[in-house]
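Right, one structure below, let's go through it.
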Amino acid sequence: MSRTVRTLLANLVKAALMSEDRASALWREEAAQALASVRARPEAVEGLKIDGLWSLAVREAEAPDLRAEEGQVSFTLPVDCPFALGEFVAQGGFDIDAGVERVRKSAATG
């Protein structure tokens, strides 16, 4: 399940980095699929280290092969994850679009 949470986080970051709406929408859809997997097994996320998964996700999202598609200003993402693990499995659901915006707002831009 740690891989799925990492994928969810990486896709949120990728969606935030894309300036083209179509590319961002594709990453949001990927994030929604990962979120559905996490929500299907909420007990499996207990005990995961969200900040460690965040670090791996950011590294994945900032891979050199994606740089050409990234159109937002240069981001410096925070070391600590801007999400609590429980948000992904909480009743009422997690809003992907709001999550992407939170990633954008949590980043220092330059």
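What you see is a predicted model; the values in this text were computed from it and never measured.
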Go through Asp97 and Arg28 one step at a time and tell me if the side chain to side chain contact (heavy atoms under 4.5 Å, CB included) criterion holds. CA-CA 7 Å; Asp97 294 329; Arg28 289 168 198 250; 2.7 Å; yes
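When all heavy atoms of Ala34 and Thr4 are compared, the pair lying nearest together is O-CG2, 3.6 Å. Taking every heavy atom of both residues into account, Val100 and Ala15 meet most closely at CG2-CB, 3.7 Å. Shortest non-hydrogen contact noted between Ala61 and Ala10 is CB-O, 3.8 Å. When all heavy atoms of Leu8 and Ala31 are compared, the closest pair comes out as CD1-O, 3.3 Å. Across every non-hydrogen atom of Ala57 and Leu9, the tightest pair is CB-CB, 3.6 Å.
By the criterion of side-chain heavy atoms lying less than 4.5 angstrom apart, applied directly or through intervening Ile, Leu, Val, Met, Phe, Trp or Tyr residues, Leu56 is not grouped with Trp27; the two fall into different hydrophobic clusters. Hydrophobic clustering, with ILVMFWY side chains joined whenever heavy atoms are under 4.5 angstrom apart, keeps Val103 apart from Leu26. One hydrophobic cluster, built from ILVMFWY side chains closer than 4.5 Å, holds both Met1 and Ile50.
For residues 46-57, the set of pairs meeting the side-chain hydrogen bond (donor to acceptor under 3.5 Å, both in side chains) definition, not counting sequence neighbours, is empty.
Salt bridge annotation for Glu60-Lys14: present, with a cationic side-chain nitrogen under 4.0 angstrom from a carboxylate oxygen.
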Pairs of donor and acceptor atoms involving the side chains of residues 80-93, under 3.5 Å and at least two apart or interchain, shall be tabulated with distances.
from: Glu87; atom 1: OE1; to: Arg102; atom 2: NH1; distance (Å): 3.1
from: Glu87; atom 1: OE1; to: Arg102; atom 2: NH2; distance (Å): 2.7
from: Glu87; atom 1: OE2; to: Ala84; atom 2: N; distance (Å): 2.7
from: Glu87; atom 1: OE2; to: Arg102; atom 2: NH1; distance (Å): 3.1

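Distance alone, capped at 3.5 Å, is enough to place a donor-acceptor pair between the Arg104 side chain and the Ala16 backbone.
Atom CD of Glu29 sits about 5.0 Å away from atom CD of Gln33, to the nearest 0.5 Å. To the nearest 0.5 Å, the span separating CG on Leu35 from CD1 on Ile96 amounts to 5.0 Å.
Annotation: Arg41, atom CZ; neighbour count of heavy atoms from other residues, nucleotides and ligands within 6.0 Å does not exceed 12.
In this structure the side chain of Glu20 reaches within 4.5 angstrom of the side chain of Arg22, judged on heavy atoms.
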